[in-house]
Each structure stands twice: as C-alpha cells, then as structure tokens.
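Note on naming: letters A, B, ... go to the chains in the order of the sequence lines (proteins, then strands), and numbering restarts at 1 for each one.
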Protein chains: 2
Amino acid sequence: MSAAAAKTRPRTPVFRRIKGDILARIQAGDLRPGDPIPGEEALAHEFGCSRMTAHRALRELSEEGVVERRRRSGTRVARPGGRNVLLEIPRVDQEVAAMGCQYGYALLDRDLGRPAAAVRDKLEAGTRTRALHLTCLHRANGVPYQFEERWINLDTVPEAEKVDFAEIGPNAWLLDHVPWSDGEHVLSAANADPRTAELLDIAPQDAVLMIERRTWRQGRVITYARFTHPGRFYRLRTPLDRG
Amino acid sequence: MSAAAAKTRPRTPVFRRIKGDILARIQAGDLRPGDPIPGEEALAHEFGCSRMTAHRALRELSEEGVVERRRRSGTRVARPGGRNVLLEIPRVDQEVAAMGCQYGYALLDRDLGRPAAAVRDKLEAGTRTRALHLTCLHRANGVPYQFEERWINLDTVPEAEKVDFAEIGPNAWLLDHVPWSDGEHVLSAANADPRTAELLDIAPQDAVLMIERRTWRQGRVITYARFTHPGRFYRLRTPLDRG
DNA sequence: ATTGTCATTATGTATATACATATTCGGCGG
DNA sequence: CCGCCGAATATGTATATACATAATGACAAT
C-alpha cells in the first residue's frame, strides 16, 4: 500500500472536481460573466486528466447554463439573463404525506358530455368530442387543501368513461393507464369564486394560486386540469443546485 | 461517393438517435413505467455503436429523469412522480421587449436604514445591519406591468449605498456588480393591498401573483426582492422538451 | 435461519485516439 | 476595398479499452 498508493484515488470523479472548481471561481467573482474559461486542453493539463474528461465537465456546465461554448472561439462564463428555476410540482398525495398529514380524496362530481367552448379549446377538440368532467377535493388532515377540476378527453382516452374515480384520483389513474405525456403548465393568481371559496373554506375573493395543466399524447390532448390552492404555495431552486 | 457512402453518415449524433428512440418507445406506450430498458451492451449492438455511446444516451436520459439506473440491476423507465417543470423567470425588461412593448423603469422610492424584523429575517441579518430599500415600477408601453420592492443587504454589498438607481434598475445593477449567486424563489398568490392596487391600476383585493427572490453569495444574503404581477402569469415546460 | 464471503454483472469513470464540424483569421485575386 | 478560399483552432462526436464500484445472488459457515 505504498508504491501503489502514489496514484491517489479521488473519491469524487475528476469531471466533478473540474466543474466544482470552475463554479467556485465564478461564485468567488474571479470569473465574471463574459470572461473566457481555459480550453479543454488547458484544463486537461491543469487537472492532469485527458481532454475527454475536461470536455465532459465543460459540456455539463454548458447544459446547466453556467457557461456558453462556441467552436473555435472557446468557452465563456454565461451572462445570467432570465433565470431558469426548476419548479417541482409534486403529486398532491405525496405533498400532503410529506407534510406528515393524512391525505384525503373525495370526488365531488362526475359529469359526462360535451364541454363548453372554453374547455373545448383547451382540449383542442371538435364540437362533437365528449369529455369526462371531474371535480375533486384533496384534504390534508381533513382540511381542504386543493381543489381540482379536470376534463379528460374521451377521444384520446376512451377507457376513462368506464372508471368511476370514487376511490382513485384521476391523476393517479391517468399515470397508471396512459403511457407518458408531454405537458404544459400555466400559473396564475385569481380571486376565489363563491363555490371554490366555500369548498376551500376561505373568504370569497381571497387570492388563490391556480395551476393549469394540460398533457398530450402523440399530439392529442389527454386531459386539462385546474388545481386551485388556497394561501401560499412555494417551490424553488436555482439551476446551479443541480451540479 | 459509392463505396465510401456505405458508411451512411447520420446528421444527428448516434446518442441522440438512441435517446429519441427510447423516448419514442415510451411515448408510444411500448415501454411503461417500471419496464426494463435494454442494457448498454445490448443497445450498443442494436445501434451498431460502442458501449460508451449507448452509455451516454442512457446517462442523459437518467439525468433528465426519464429513466432510472442502478448498478447490477439495470435501467428502467422512471415512474412519473411529481413533475419537474422548468420555470423561466425572465428579466422584466427582456420580457417586456419580447412582447414588442416599450419598457419603462421608474424608481418610486429609495430609503436607507435598518429594515423591519420581517425583512431582517429574509436578509438573515442582525439588528444592526442596514439595508437599502427600493421601490420600483416597471411599465410596458406606459402601462404598469410589475411592481418591485427590494432590499439590498449593505453588509454584503456596501457599494450599493452610493448608487442612486434612478436610471438603472437594481436587478441590472446587481447582475453587473455582484458575481454570481445562488437563489431561492417563492411563488404565491395574494390580494393586492391598496397601494399596490393603485400603482398597478387594478382594483384593491384583486388577486396578484407574487414572486419573492432571495440571492446569496458565499452564504450571505445579497438581496431580497418581491415582484408583484397583476393578472396572469404564465410560464411552463416539461423536462422532456429538453432532450 | 442468519450471516458472511465471493463471483457475477451492469453501470460509472477515465484514457488515448481519431475524425467531424463550426468559426475565425489571414491572404489572395478581382 | 470587397469577397472568396483555405489554414488554424476549439469544440463535438465516436471508438476501443481499462479499471472502479455497487448490487445481486449463490453458496458456505455459523
């Protein structure tokens, strides 16, 4: 364990050390937005590794938006323009459980038919398309926590018509029965309408945070859902945390 | 151009083709959450590439949360739990410009001193810390667009005391003068207080969307800002779009 | 039955090498 | 002076190879 130990074995991978080092230089103000960063060859020499390893470090930093790379001209510290934040939108049941509360689900209404024009637009559906309209309430320790209004496009997911969603929530069912989907989220603030206010046990006109979600499968809308949160909602994180 | 052309040169990199292929299989429902994905050797053979290339494809899919990998046991399609959404929080001026509007900035108030306890907490500061309190209004084509209330920790950024922020906004100045920073964002809905309502030209009690941002540098809070948006706010995107 | 050891296996990291591709720069001809 | 062309250069992709590491399962010992 003496001659062989000369090759000090780092527990953290080399490319991570390089990334960390560059991030540290940036955070310390040594490197400022627009400043050039040593090329791959130089870094490889500096860290005693191969160019591929330095390349990987720089590539990942670039994917994370920390640096900008261009062929021939090199790598520079990115100018922090608008920031990207990783917003976590958890499943309600998991969110409630994570707070150490008892999760409760209730189906308030189940309605089948042709949706109104506004919803039809969201579903990108024709006038003859039928949709399943569900109204649900999620509770934490018995207290109303989130109000969910959802439409499921029966053209895209005909099986949903036979399900009665009394026990299983639409989100859980869809995740289990519809393969995978692209999604869109819209965040907005609104004043609670009388019905929502009553359900969530808040005053009418109180501000609520709404998250609208649409999911697609192969270009067709699966479902349009509107989640209404009373009070605060928070979720955060900068992209740098990922590295 | 005949014998040499046998080696058909793909314009899209091989690792991208592999990623796309696997994503397609998932989206088509061929592969469902929990299902195993061919190992690196198998993929390398299937696509006629080296294991490293297959490895990169799978590693990136794993970083994007599409698959889950474990040594010895292999790679599986990830179970879509809570979703991660990439939320873009652009700079106001860029946002306004992107809408094709004339951006306007106005400093409403500039106030120096010891902040109230609530703000002091946000700044993670002691009772003797002084802060610069700025109140700004951002306009689009003359119409109030966003209301900004900001505190800058003078212990962390003493230079800010000499700046008068009449022309340049605090965000732009900080980006230029403070290296790089980790950040935290909190989203919430609130009812507009009378002053905010007047400034934004909306009715009192109307719902507004608030974004609170704190940024750190080397463990110390640089600034705490509260942005208030009237009406809607939208921004979205699923992680899959990244691949 | 529980625990321990060990070979097996799939993924993870690193290297040296080769060639592809984009971009800049300098020079050459018009 | 302008525009085209080729050289130089830094990044981008791909390969074959080697070894490290974690998880599994089987078999043996307690």
Contact check, side chains of N171(B) and R213(B), non-hydrogen atoms, under 4.5 Å: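 In contact.
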
P170(B) side chain near Y105(B) side chain, heavy-atom distance below 4.5 Å: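 Side chain of P170(B) against side chain of Y105(B), heavy atoms only: contact under 4.5 Å found.
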
Exercise: identify the closest heavy-atom pair between A54(A) and C49(A):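 Heavy atoms of A54(A) and C49(A) come nearest at N-SG, 4.1 Å.
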
Nucleic acid contacts of residues 41-59 of chain A, taken as heavy-atom distances under 4.0 Å to DNA chain D: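 Listed by number, they are R51(A), M52(A), H55(A).
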
Pairs flagged by salt bridge (charged side-chain N to carboxylate O under 4.0 Å, His left out) wherever residues 29-48 of chain A is involved - sequence neighbours left out: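 Sorted pair list: R25(A)-E46(A), E40(A)-R51(A), E40(A)-R69(A).
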
Full working for side chain to side chain donor-acceptor pair (under 3.5 Å) between T223(A) and R150(A): CA-CA 7 Å; T223(A) 180; R150(A) 179 186 291 267; 3.1 Å; yes

Could you list, one pair per line, each protein nitrogen or oxygen that sits under 3.5 Å from a nitrogen or oxygen of nucleotides 24-28 of chain D, together with the distance?
unit_1  : atom_1 : unit_2 : atom_2 : d
dT24(D) : OP1    : R70(B) : NH2    : 2.5
dT24(D) : O2     : R72(B) : NH1    : 2.9

Under-3.5 Å N/O pairs linking protein and nucleotides 4-6 of chain C:
none

L43(B)/I22(B) under side-chain contact (heavy atoms from CB on, under 4.5 Å): CA gap, chis, key distance, verdict: CA-CA 10 Å; L43(B) 281 179; I22(B) 293 178; 4.0 Å; yes

Value rounded to 0.5 Å, distance of CD1 in I37(B) from CD in E68(B):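 Taking CD1 in I37(B) and CD in E68(B), the distance rounds to 10.5 Å.
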
Partner residues of F147(A) under the ring-ring contact (aromatic ring centres under 6.0 Å, His included) criterion, sequence neighbours left out: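 Expected list: none.
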
Residue list, ring-ring contact (aromatic ring centres under 6.0 Å, His included) with F165(A), at least two apart or on another chain: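 Once residues adjacent in sequence are excluded, the partners of F165(A) under the ring-ring contact (aromatic ring centres under 6.0 Å, His included) criterion are W173(A).
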
Expressed in angstrom and rounded to an integer, what is the separation of [X] atom [atom1] from [N] atom [atom2]?
X	N	atom1	atom2	answer
E40(B)	dT15(D)	CD	P	13 Å
E60(B)	dG12(C)	CD	C1'	15 Å
E68(A)	dT23(C)	CD	P	14 Å

Over 12 non-hydrogen atoms of neighbours within 6.0 angstrom of CD in E159(A):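 Yes, because the 6.0 Å sphere around CD of E159(A) holds more than 12 heavy atoms from other groups.
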
